[in-house]
Engineer: 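Questions regarding the structure given below will be posed in turn.
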Amino acid sequence: PKLRGIPASLIERTRLATTPESTVPRVIRYSVCRLRGGITVGNEDRVRDDRTGQIYAITAVTPLAGIGHTPDLRLDLKRVT
């Protein structure tokens with residue numbers, strides 16, 4: 001592991017989605033992580049939840065808005081088996 005013991009907020013959410021082919025709603029699960037600014041992460045990195053041991057691949061890194069300070073980072077995650 002490149003970095004360990006970094007405090008982060010890890011949230012799993014759900015939403016309903018439909019497609020033009022099927023109007024039956026499907027439940028889509030997705031995970032988001034929030035890290036303090038100044039940490040260097042990229043799409044090739046992984047996040048491990050220390051409580052569950054679950055591993056997540058980072059699919060996108062987005063700095064949140066911030067003026068006068070280093071903004072926090074939002075990581076879009078995909079669960080890895």
Engineer: If you compare all heavy atoms of Ala17 against all heavy atoms of Ile28, which two are closest, and at what distance to 0.1 Å?
Structural biologist: CB-CG1, 3.8 Å
Engineer: For Asp76, which residues count as a salt bridge (charged side-chain N to carboxylate O under 4.0 Å, His left out) partner, sequence neighbours excluded?
Structural biologist: Arg74
Engineer: Measuring from atom OG of Ser31 to atom CG of Leu77, what distance do you get when rounded to the nearest 0.5 angstrom?
Structural biologist: 6.0 Å
Engineer: Please name all residues satisfying side-chain hydrogen bond (donor to acceptor under 3.5 Å, both in side chains) with Arg48, sequence neighbours left out, ordered by chain then number.
Structural biologist: Asp50
Engineer: Could you check whether any side-chain heavy atom of Thr62 comes within less than 4.5 Å of a side-chain heavy atom of Leu73, counting everything from C-beta outward?
Structural biologist: no
Engineer: Among residues at least two apart in sequence or on other chains, which ones pass salt bridge (charged side-chain N to carboxylate O under 4.0 Å, His left out) with Arg29?
Structural biologist: Glu12
Engineer: If you take all heavy atoms of Lys78 and Thr59, which pair is closest and at what distance?
Structural biologist: CB-CG2, 3.9 Å
Engineer: Applying side-chain contact (heavy atoms from CB on, under 4.5 Å), name anything that partners Val24, two or more places apart in sequence or on another chain.
Structural biologist: Ser22
Engineer: Can you find a pair of side-chain heavy atoms, one from Val47 and one from Leu35, that are under 4.5 Å apart?
Structural biologist: no
Engineer: Between Asp72 and Arg34, does any side-chain N to carboxylate O distance fall below 4.0 Å?
Structural biologist: yes
Engineer: Quick check: closest heavy atoms across Leu10 and Asp49, and the distance to 0.1 Å?
Structural biologist: CD2-OD2, 3.6 Å
Engineer: For the atom pair CD1 (Ile58) and CG (Leu75), what is the distance rounded to the nearest 0.5 Å?
Structural biologist: 5.0 Å
Engineer: If you group Ile, Leu, Val, Met, Phe, Trp and Tyr whenever their side-chain heavy atoms sit less than 4.5 Å apart, what else falls in with Tyr30?
Structural biologist: Val32
Engineer: Please list, chain by chain and in numerical order, all residues satisfying salt bridge (charged side-chain N to carboxylate O under 4.0 Å, His left out) with Arg46, sequence neighbours excluded.
Structural biologist: none
